[in-house]
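Below is one structure, written out as structure tokens; comments come after it.
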Amino acid sequence: MPAPRIKSPHLLVAESGADREGHGLKRTMGLFQLICFGVGAIVGTGIFVGLSDSVAQAGPAVVVSFVLAALTCVFTAFSFAELGGAIPVSGSSYSFAYAGLGESTAFLVGWCLLLEYGISISAVAVGWSEYVNELLHSLTGLQLPAALSAGPGDGGLVNLPAVLVIAMASVLLVRGVRESARATAAMAAVKLAILLAFCAIGYSAFKDGNLTPFSPAGLGGIGAGTTAAFFSYIGFDAITTAGEEAKNPRRDVPVAIMVCMGLVTLLYCAVALAAIGAIGGDRVAGHPAALSYVVNEVTGSTVGGGVIAFGAVVAIASVVLAVMYGQTRILMSMSRDGLIPRVFEKVSPKTSTPVAGTLIVAVVFALPAAFASLDAVMNLCTIGTLAIMAVVNIVVIALRRREPGLARSFRVPLYPVAPLLGVAFCLYLMYETGWRTWLQFAVFLAVGLLVYGVYGRRHSTLARPAAEVTPAGAERESQAV
């Protein structure tokens with residue numbers, strides 16, 4: 001059996017220019033921008049739209065579900081922080097897998113990232129459409145017709161608002177990372193202010209009796225609620241995709257990850273308690289736009305709900321922007337390695353952004369947002385994300401053994417217990433998705449292996465004959481294992 005194609009961390013950094021200017025990209029993001037970017041990528045549909053699904057599974061014990069989902073992410077966040085500081089490149093978990101486990105595993109991780117980010121972008125855009133309707137109703141008493149605000153699977157013809165938010169995000173991303181970072185920071189501030197205002201309103205009507213029974217479905221409900229709540233945390237890994245556009249990635253990327261995870265977990269638990277304590281779990285579970293409904297019920301007016309709907313529109317738009325950013329940077333890294341077509345690698349000299357890749361991503365992910373019902377594939381997105389996180393934890397262990405001298409600005413605490421616990425939590429939540437999801441995932445991975453065998457392995461930069469390697473690249477490729 002041939003040895004796996006592995007790129008050393010030093011080669012990945014050298015090829016990307018990550019310790020200089022990253023591959024035509026500009027270093028414009030400081031620590032504050034990275035934290036805002038992380039909050040922008042995480043806080044959105046999961047809490048504004050998905051809270052009702054989590055509460056429906058776990059009841060008031062959804063707070064426990066949020067904590068368990070956070071633990072799963074925190075252990076993996078430690079691993080992302082270590083790898084993000086040691087290998088500050090745009091490829092995130094794809095590049096980490098390339099350095100730790102080899103090219104075929106890295107391609108499958110990239111394949112799963114297409115699933116994670118693609119479904120996330122489309123699903124978040126659909127959630128944005130729901131809150132746009134809620135906002136219009138609060139302001140004018142009118143709503144968009146169902147034919148233009150939902151896809152065929154949801155009783156309409158085309159979801160135009162979902163397409164619109166993806167188009168707006170792509171325009172910002174094409175203009176430049178500085179503009180995108182400023183917009184993300186502004187939107188993060190708005191969403192945090194709105195959620196804090198929601199907590200103030202919710203706790204003003206808090207009743208202890210609304211928390212009983214605390215766990216109506218028992219441990220099974222908490223487990224199912226954890227799987228549902230996990231979607232609320234998807235996106236924190238996007239911080240590592242900014243490795244080539246951060247001013248000081250080795251220091252700032254790990255710090256931004258840990259700050260975001262702590263902040264978001266506290267916020268989610270506070271919002272869930274405020275919502276359930278105000279009107280009860282049964283009533284929260286029945287409303288997709290749950291936060292607006294809670295405020296309307298507490299205040300007896302639609303004005304407060306309209307404010308929450310405005311915050312949700314801003315919050316969810318920022319998630320689309322941040323996740324699309326991460327997707328384009330991962331595709332750029334895969335293209336740089338020759339595993340996908342070179343068009344995704346090209347960076348505009350005018351804007352220092354991958355314009356063609358961004359526009360392709362926008363078009364591809366706008367189609368399911370406009371026409372498809374995504375409920376059937378949400379669990380597939382979850383299991384793919386959990387698989388990626390498990391791999392990242394394993395990569396930390398692999399690189400500690402293979403590259404003990406690698407410069408690490410952050411080290412996973414309680415090593416190797418923390419990454420092993422991260423793997424265990426991921427496997428538990430993957431189990432909770434059910435056998436049908438496992439079957440879908442197996443088919444999805446099989447297709448990925450086929451694509452890798454037909455295109456990726458043949459076009460990989462590591463597959464090039466020595467005669468095709470330029471003198472400048474020969475020194476870099478000598479570092480590949």
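- Residues Thr461 and Asp337 bring no donor and acceptor atom of their side chains to less than 3.5 Å of each other.
- For the salt bridge (Lys or Arg N to Asp or Glu O under 4.0 Å) with Glu103, the qualifying choice from Arg5, Lys7, Arg458 is Arg5, the only one to do so.
- For the pair Tyr415/Val396, a side-chain contact is recorded, criterion being any heavy-atom separation below 4.5 Å from C-beta on.
- The number of heavy-atom neighbours closer than 6.0 Å to CZ of Phe32, taken from other residues, nucleotides and ligands shown, is 12 or below.
- A pairwise comparison of heavy atoms in Val165 and Val320 identifies O-CG1, 4.1 Å as the closest pair.
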Query - Step-by-step side-chain contact (heavy atoms from CB on, under 4.5 Å) determination, Leu114 to Gln327 - result: CA-CA 7 Å; Leu114 290 176; Gln327 179 69 93; 3.5 Å; yes
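- Contact record, Ser79 with Val392: CB-CG1, 3.9 Å, taken as the closest heavy-atom pair.
- With sequence neighbours excluded, no residue satisfies ring-ring contact (aromatic ring centres under 6.0 Å, His included) with Phe441.
- The shortest distance between side-chain heavy atoms of Phe80 and Ser93 falls below 4.5 Å.
- The neighbour count for Phe444 CZ, taken as heavy atoms of other residues, nucleotides or ligands under 6.0 Å away, is above 12.
- Within a 6.0 Å sphere centred on OH of Tyr452, heavy atoms belonging to other residues, nucleotides or ligands number more than 12.
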Requested in this report: Would you sort out whether Arg408 and Glu82 count as a salt bridge (charged side-chain N to carboxylate O under 4.0 Å, His left out), showing the intermediate values?
Outcome: CA-CA 6 Å; Arg408 294 171 171 88; Glu82 175 169 321; 3.1 Å; yes
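- Across all their heavy atoms, Ala99 and Ile6 have their closest contact at O-CG2, 3.3 Å.
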